[in-house]
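Report on the following structure.
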Protein chains: 2
Amino acid sequence: MGAKGEETRARLVQATRVLIEAQGYFGTGLNQVLAESGAPRGSLYFHFPDGKDQLVALALAEAGRDVADLLDHMCAGELSAAEVVRGLLDAFGERMEQSGYAKGCPLATVALEVAAGHEPLRRVCEQAYGEWQRALAELLVRGGRDRAGADAAAGAALALVEGSLLLARVQHSRLPLDQAARAAELLLA
Amino acid sequence: MGAKGEETRARLVQATRVLIEAQGYFGTGLNQVLAESGAPRGSLYFHFPDGKDQLVALALAEAGRDVADLLDHMCAGELSAAEVVRGLLDAFGERMEQSGYAKGCPLATVALEVAAGHEPLRRVCEQAYGEWQRALAELLVRGGRDRAGADAAAGAALALVEGSLLLARVQHSRLPLDQAARAAELLLA
DNA sequence: ACAGGAATGGACCGATCGGTCTAGTCTGCT
DNA sequence: AGCAGACTAGACCGATCGGTCCATTCCTGT
C-alpha cells in the first residue's frame, strides 16, 4: 500500500466530508466528489469497493471523531460544562461564518436525510452523537451531578447545540449560537 | 378552476410535504411525488409551472404555517411558555413515533440541505422559523419578560426543540424530546 | 347542446446518477 | 532488469433525474 494511494483515499474522504456537510447525502453526487478531490472514478471504487455508502459512512465517522476529540480535549481542562459548550459553539460558529454558512454540524444534514431510510448511515450518526453526549455527561458527573441528571442535562445541551447550529445556518447569522451558549450557562450551572 | 383540479394540486403538495420531511429536497424525486399523489406528470407542471422548486417551496410554507397555527393556538390559552414547548414536543413526538421516526420537523431536513445553496427555499424556511420564534417570544413578553430577554429565550427554546427533534429521529427514541421539555421548564421559568 | 378553457395522461428529451469494467501506469521487491 | 500487485484513467452501462410537449378528456358557462 503506497503512500500515494493513501493520499488519494484521504482526499476522497475529505472532499466527501466537505460536500455532505453542506449538501447532504442525496445532494452530493460522486462526480462532484471526484471533481473536488481530483481522483478518477476507478480510484474511488478501488479504495471504496462498496461505493458511495462506504465513502459517506467513513466521512461521517471521521467527522464525528474529530468533534469528539475536540470535545474530549476541552473537557480534560479546567473548564465548566457551560464553558465547553460555549467553546464548541464558538468553534462551529467560526467555521460556519467563514464558509458562508455552508458548514455547521458535519453530521446533521445526512442524519436527517437517512434517519428513517438508511440504517447503516443512521447508526454511524447515532454513535457519534452518543460520544459527544457522553463526553459532556462525564464532565457533569465530575462536577458533582448524579448520573441521571448529567445524562439528561447533556442531552439537552446537545439538543441546544444542534438546534442552534441549524437555526444559524438557516438564518445566516451567529446569533442563535450565542443565545444557545447563554442558555447552556443557565442549564448547566 | 374546477374542484377536481384543486384537489389534484392539494394532493401534490401533500405528497411533497410527506416526502421532503422524511428524505429532504434532493432525496425526493418527482417520480416519487407523482406516484404518491397519483397525479400524472402533466398535472404537476400545469399546477406548478416552475416545477420542483415551486412545489417544495409551497410544501414548506404550508408545513411552516401549520406549525405556526398550532403554536398560536396554544399560546392563546393560559399555558406558560414551558407548557407550550412541552405540548409542541408531545405533538411532534407522537407524529414521529407513529411514522417510524420518518417525521420530525417538517422543515429541518430541507433547511439544512439548502442553507447555503438555494436562496429561495432557504428564505421560506427562515421565515417559518421566525414565525415560530415570534409566537414564543410574544408569549414570554406577555408573561412579563422584557423584549430582548424574551427574544433570546425564545431563540434558545426553538433551538432546543429543533435539536431534540433531530436527535430523536437519529436515535429512534422520544427521550431527547422529554429531556428538551424539562430543560425548557428551567430555561423559561 | 356545444364551445372553450381547465386539466389530464403519458411519451419523450438530454443530463446526470451510481456503478462496472478493462487497459494502462506506477512502484517496490527480488 | 523484470515481475507482480497497487493504483489510475476513463469509457461505458442502465436507471433515474427534472423538464417539455401535445393529444385527449373533462368540466363549466352560455
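Note that these values count all heavy atoms, side chains included, but never hydrogens, waters or copies made by symmetry. Note on naming: letters A, B, ... go to the chains in the order of the sequence lines (proteins, then strands), and numbering restarts at 1 for each one.
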(message) Whole angstroms only, please: what is the CZ-C1' distance between B/F46 and C/dG10?
(response) 17 Å
(message) How many whole angstroms separate atom CG of B/L44 from atom P of C/dC12?
(response) 20 Å
(request) Could you grab the distance from atom CZ of A/R9 to atom OG of A/S43, nearest 0.5 Å is fine? (result) 12.5 Å
(message) Using a 6.0 Å distance limit plus a 45 degree cone around the ring axis, check whether B/K52 lies over the aromatic ring of B/Y25.
(response) yes
(message) Distance check needed: C/dC26 P versus A/E7 CD, whole Å only.
(response) 16 Å
(message) By nearest atom, which of the nucleotides C/dA6, D/dG18, D/dT8 is closest to the B/L30 side chain?
(response) D/dG18
(message) Whether B/R11 and B/E36 form a salt bridge (side-chain N of Lys/Arg under 4.0 Å from carboxylate O of Asp/Glu) is what I want to check.
(response) no
(request) For the residue pair A/Y129 and A/E162, confirm or rule out a side-chain donor-acceptor distance under 3.5 Å. (result) yes
(message) I need the CD-P distance between B/E6 and D/dC27, as an integer number of Å.
(response) 15 Å
(request) Calculate the interatomic distance between B/Q54 atom CD and D/dG18 atom C1'; express it in whole Å. (result) 14 Å
(request) Indicate whether OP1 or OP2 belonging to D/dC7 is found under 4.0 Å from a side-chain N or O atom of A/T8. (result) no
(request) Using only side-chain N and O atoms of A/H47, determine if any of them is under 4.0 Å from OP1 or OP2 of D/dT8. (result) yes
(request) Take atom CG of B/L34 and atom P of C/dT8, then tell me their distance rounded to the nearest Å. (result) 11 Å
(message) I want to verify a distance call: between D/dA9, C/dA6, C/dG19, whose nearest atom is closest to the A/K52 side chain?
(response) C/dG19
(message) With a 4.0 Å limit, can you tell me whether B/S43 has a side-chain N or O closer than that to the phosphate oxygens OP1/OP2 of C/dA7?
(response) no
(message) Can you confirm whether the side chains of A/Q32 and A/Q23 place a donor and an acceptor under 3.5 Å from each other?
(response) yes
(request) Would you kindly give the CG-to-C1' distance between A/D53 and C/dG19, to the nearest whole Å? (result) 12 Å
(request) Figure out the CG/P separation between A/L12 and C/dG18, and round it to whole Å. (result) 14 Å
(request) With the side chain of A/Y45 defined as its heavy atoms from C-beta on, choose the nearest nucleotide among C/dG18, D/dC7, C/dT8. (result) C/dG18
(message) Which is more 5' along DNA chain C, the nucleotide nearest A/G42 or the one nearest A/Q32? Just name the residue.
(response) A/Q32
(message) Taking atom types as they are modelled, would you say the side chain of B/R41 forms a donor-acceptor pair with the base of C/dG9 within the 3.5 Å cutoff?
(response) no
(message) Quick check on C/dG18: is either OP1 or OP2 less than 4.0 Å from any side-chain nitrogen or oxygen of A/N31?
(response) no
